[in-house]
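Structure first, then comments.
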Amino acid sequence: MIMTVTRFAPSPTGYLHIGGLRTALFSWLTAQHNQGKFLLRIEDTDMARNSQEATDAILQAFEWVGMHHDEEVIYQSKRFALYQTYIDQLLAQGKAYKCYMSKEELSLLRETQMANKERTRYDGRYRDFTGQPPEGIAPVIRIKAPKDGTITFIDGVKGEINILASEVDDFVIARADGAPTYNFVVAIDDALMGLTQVIRGDDHLYNTPKQIVVYKALGFELPQFNHVAMINNEQGKKLSKRDGATDVMDYKAMGYLPQALLNFLIRLGWSHGDQEIFSLEEMIRLFDPKNINKSSSNYNLDKLLWLNAHYIKEASDTSLITLLKDFGVDLSQNNKASALLTATRERGKTLIELASQINLILQAPTAYDAKSSKKAFKGEAKEILNTFADMLSLTRPTTQASFHAVMEKIVEEKSIGFGKIGMPLRVSLMGSMTGSGLDEIMYILGVEETISRIERAIKWIEERDV
RNA sequence: GACCCUUUCAUCUAGUGGCCAAGGAUAUUACGUUUUCAACGUAAAAACAGAGGUUCAAAUCCUUUAGGGGUCGCCA
């Protein structure tokens with residue numbers, strides 16, 4: 001039994017993209033499911049574009065979602081000597097050759113082909129060249145691709161893919177300065193790392209026949225290829241920064257839980273019957289790349305929001321208290337923390353919303369919402385509030401139930417509906433007509449603060465009515 | 001332009017020739033619950049891209065048209 005090995009191979013040119021995280025998740029789950037290995041490889045052969053900060057940002061994102069890779073991170077930039085031995089080998093075997101075509105000649109060729117409405121490709125003019133090379137041209141190395149026939153492979157997601165050999169030209173494997181190119185090193189690394197499953201975006205579908213040429217030339221065994229369709233925006237167009245957050249870490253900043261993000265992403269292009277909620281264990285147990293959809297999916301925030309709300313509701317008090325610290329709310333020393341979270345946890349779809357719900361209770365209103373105060377602070381409201389405050393200072397309730405008992409008592413004594421006390425009381429305590437249950441709020445505030453807020457409201461009413 | 005991939009409610013999807021006059025979820029609307037908002041519950045509305053075939057039978061197989069995406073670098 002061969003151990004399953006998968007990988008994620010980003011190029012460090014920026015942050016980790018939400019689409020990248022999904023393919024990484026699929027790869028990671030495939031490895032976990034089969035008790036295999038998930039490797040990380042940084043594709044930094046283009047020295048001009050990559051940066052250490054980008055690598056760190058990607059690693060940080062993986063850390064946040066809790067997807068850990070096995071073994072050391074592999075940097076392609078440190079493996080140039082290795083790649084060189086394979087270039088030399090192919091050259092010696094006559095499977096690759098030096099091409100002396102200048103960049104000007106190459107672009108002229110492309111323009112001609114474009115004008116003739118052909119697919120642009122290198123014409124192989126140096127493939128069997130034996131003459132005197134032109135002066136002053138540093139050659140590139142090209143690999144000999146098959147001239148005719150079809151390159152076929154079975155994609156784990158899309159099924160059989162056939163690409164005419166005429167579509168694949170003798171592509172460059174080493175630049176004029178000697179640096180190896182992407183399709184060459186990817187094939188070598190994937191083979192050397194022992195990959196059994198390559199899971200990547202289907203924007204790489206056309207790279208696959210090229211990489212197969214390399215595998216064959218070097219005598220490597222082919223892995224199973226799986227090409228996952230892209231994530232588009234809600235209009236079905238390519239996801240861009242204009243469509244909202246594309247950086248994985250933005251989701252942390254917006255108050256999403258990593259579990260919600262992963263649950264959202266796994267359901268984009270993959271499903272297991274009618275199931276919507278997946279714990280990490282279920283994901284690992286149920287995931288199979290065979291069930292990945294062929295078609296692209298559109299990104300829609302609504303479902304992520306719903307999932308996030310779900311995971312906030314499920315979260316323990318202690319984990320929420322920890323998470324909320326990043327959002328300016330520290331309940332670690334608050335002895336009513338548990339009651340606060342019970343009162344607010346269903347009202348926040350994100351940690352940001354949850355934090356603001358909590359602050360709404362903790363901080364006395366600085367103003368009363370115009371519409372709410374007009375509706376609530378009218379008629380005998382002032383008198384009812386007064387009586388209620390008196391009753392509170394007399395009974396001094398300390399539990400949620402005893403606060404509720406006072407509410408019931410005033411309703412009974414004055415023979416009024418709950419709304420007659422509820423509405424003005426709510427606006428007094430919260431500043432508006434929405435929010436958590438009044439019993440809960442009063443219990444959290446305690447009798448002193450409750451009375452103080454009521455008195456402030458009464459004063460406000462008096463000033464208004466002068 | 002050439003080549004490749006793809007097409008079920010607004011969105012994510014179930015569906016592999018009969019269990020489908022198409023199921024679930026989100027979003028939407030209504031009602032219930034609630035002092036309020038939310039959460040929750042119940043219900044409603046909502047799709048097989050179009051056209052041709054094959055078959056007793058097609059969302060499912062074939063052909064074709066259209067839409068969307070991708071690739072065509074000495075980028076990755």
Side-chain angles (χ1 to χ4, degrees), chain A residues 9-13 43-46 48-50 76 99 101 103 106-107 110 113-122 138-142 155 157-159 161-164 166-169 171-183 185-186 201-209 227 229-230 232 234-238 264 267-277 293-307 309 313 344-349 353 357 372 376 407 411 417-427 430 432-439:
Chain A
S11 58
T13 51
E43 313 222 307
D44 52 355
T45 53
D46 184 1
R49 287 209 310 179
N50 52 57
Q76 290 186 323
C99 170
M101 201 171 179
K103 290 193 177 180
L106 199 55
S107 52
R110 289 206 182 100
Q113 287 169 331
M114 212 64 117
N116 291 338
K117 303 188 172 181
E118 293 167 17
R119 183 176 165 87
T120 56
R121 63 193 303 275
Y122 173 68
V140 298
I141 315 287
R142 290 183 180 272
D155 189 275
V157 174
K158 311 248 186 202
I161 305 288
N162 297 297
I163 288 164
L164 258 20
S166 59
E167 292 291 318
V168 181
D169 63 4
F171 59 96
V172 173
I173 59 171
R175 302 173 174 89
D177 65 3
T181 60
Y182 173 78
N183 281 118
V185 298
V186 166
D202 73 356
D203 48 342
H204 286 288
L205 198 62
Y206 246 89
N207 286 326
T208 307
H227 288 96
M230 304 277 92
N232 295 325
E234 206 158 349
Q235 288 73 42
K237 302 286 182 188
K238 193 174 178 175
F264 171 69
R267 285 288 289 102
L268 236 43
W270 180 86
S271 60
H272 182 259
D274 287 339
Q275 189 168 346
E276 296 288 346
I277 307 285
N293 286 171
K294 293 177 200 283
S295 55
S296 58
S297 36
N298 294 357
Y299 173 89
N300 177 276
L301 211 63
D302 286 336
K303 204 143 188 177
L304 173 58
L305 226 36
W306 173 73
L307 282 164
K313 274 183 263 174
T344 52
R345 147 196 271 128
E346 285 178 354
R347 268 162 256 268
K349 289 190 196 297
E353 287 179 15
Q357 287 294 326
S372 303
M407 293 264 292
V411 164
F418 257 102
K420 283 274 188 234
I421 173 64
M423 278 200 290
L425 180 58
R426 174 172 298 284
V427 178
M430 305 284 285
S432 82
M433 267 198 315
T434 64
S436 312
L438 289 168
D439 308 340

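Each chain gets a letter, A, B and so on, in the order the sequences are listed, and its residues count up from 1. Model, not experiment: these values are computed from the prediction.
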Would you indicate what [X] reaches in the nucleic acid, counting non-hydrogen atoms under 4.0 angstrom: base, sugar-phosphate, or nothing?
X        : answer
A/Arg345 : nothing
A/Ser436 : base
A/Leu304 : nothing
A/Leu268 : sugar-phosphate
A/Ser296 : nothing
A/Val140 : base
A/Lys313 : sugar-phosphate
A/Ser11  : sugar-phosphate
A/Tyr206 : base
A/Gly437 : base
A/Asn300 : sugar-phosphate

Distance-only donor-acceptor test, [X] side-chain atoms vs [N] base atoms, 3.5 Å:
X        : N      : value
A/Arg121 : B/rC72 : no
A/Lys303 : B/rA25 : yes
A/Arg426 : B/rU36 : yes
A/Asn207 : B/rA76 : yes
A/Asp202 : B/rG70 : no
A/Glu276 : B/rG24 : yes

For residues [X] and [Y], determine if any side-chain heavy atom of one lies less than 4.5 Å from a side-chain heavy atom of the other.
X        : Y        : answer
A/Met433 : A/Met423 : yes
A/Asn183 : A/Ile173 : no
A/Phe264 : A/Tyr299 : yes

- Item | Nearest-0.5 Å distance, CG of residue A/Leu438 to CD1 of residue A/Ile421 | 8.5 Å
- At what distance, to the nearest 0.5 angstrom, does CE of A/Met101 lie from CG of A/Leu106? 5.0 Å
Pick the [atom1] atom in [N] and in [M], then give their distance to the nearest Å.
N      : M      : atom1 : value
B/rU6  : B/rU65 : C1'   : 15 Å
B/rA27 : B/rG68 : C1'   : 23 Å
B/rA49 : B/rU60 : C1'   : 16 Å
B/rC61 : B/rC19 : P     : 16 Å
B/rU33 : B/rA22 : C1'   : 33 Å
B/rU8  : B/rA47 : P     : 14 Å
B/rC40 : B/rA58 : P     : 41 Å
B/rG69 : B/rA51 : P     : 24 Å

Does [N] have OP1 or OP2 sitting under 4.0 Å from an N or O in the side chain of [X]?
X        : N      : value
A/Arg110 : B/rG73 : yes
A/Thr120 : B/rG73 : yes
A/Ser295 : B/rC5  : no
A/Asn298 : B/rC12 : yes
A/Asn293 : B/rA14 : yes

Please report the distance, rounded to the nearest Å, between [atom1] in [X] and [atom2] in [N].
X        : N      : atom1 : atom2 : value
A/Leu301 : B/rU28 : CG    : C1'   : 17 Å
A/Leu205 : B/rA76 : CG    : C1'   : 16 Å
A/Met230 : B/rU71 : CE    : C1'   : 12 Å
A/Arg119 : B/rG70 : CZ    : C1'   : 11 Å
A/Tyr299 : B/rA10 : OH    : P     : 21 Å
A/Asp274 : B/rC12 : CG    : P     : 16 Å
A/Ile173 : B/rG73 : CD1   : C1'   : 16 Å
A/His227 : B/rC3  : NE2   : P     : 21 Å

- Message: Under the criterion salt bridge (Lys or Arg N to Asp or Glu O under 4.0 Å), I'd like the reasoning laid out for A/Arg267 against A/Glu276: C-alpha separation, chi angles, the key distance, then a yes or no.
- Response: CA-CA 7 Å; A/Arg267 285 288 289 102; A/Glu276 296 288 346; 3.4 Å; yes
Please determine, for [N], whether a Watson-Crick or G-U wobble partner exists with both distances under 3.5 Å, and give it or none.
N      : value
B/rU29 : B/rA43
B/rC3  : B/rG70
B/rG18 : B/rC56
B/rC37 : none
B/rC48 : none

- Message: Restricting to non-hydrogen atoms, name the atom on A/Thr45 and the atom on A/Pro180 that form the minimum distance, rounded to 0.1 Å.
- Response: CB-O, 4.3 Å
- Query: Do you know the tightest heavy-atom contact between A/Lys294 and A/Ala229?
  - Reply: O-CB, 3.5 Å
- Pairwise 5' ranking along RNA chain B for A/Met114 and A/Arg142, keeping only the more 5' one: A/Met114
- Query: Taking for each residue the nucleotide of RNA chain B bearing the nearest heavy atom, is the 5' side occupied by A/Asp302 or by A/His272?
  - Reply: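 Of the two residues, A/His272 wins.
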- Taking NZ, NE, NH1 and NH2 as the nitrogens, is one of them in A/Glu346 or A/Lys313 under 4.0 Å from a carboxylate oxygen of the other?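 So A/Glu346 does not pair with A/Lys313 through a salt bridge.
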- Counting side-chain heavy atoms from CB outward, which of B/rG24, B/rU36, B/rA39 is closest to A/Glu346? B/rA39
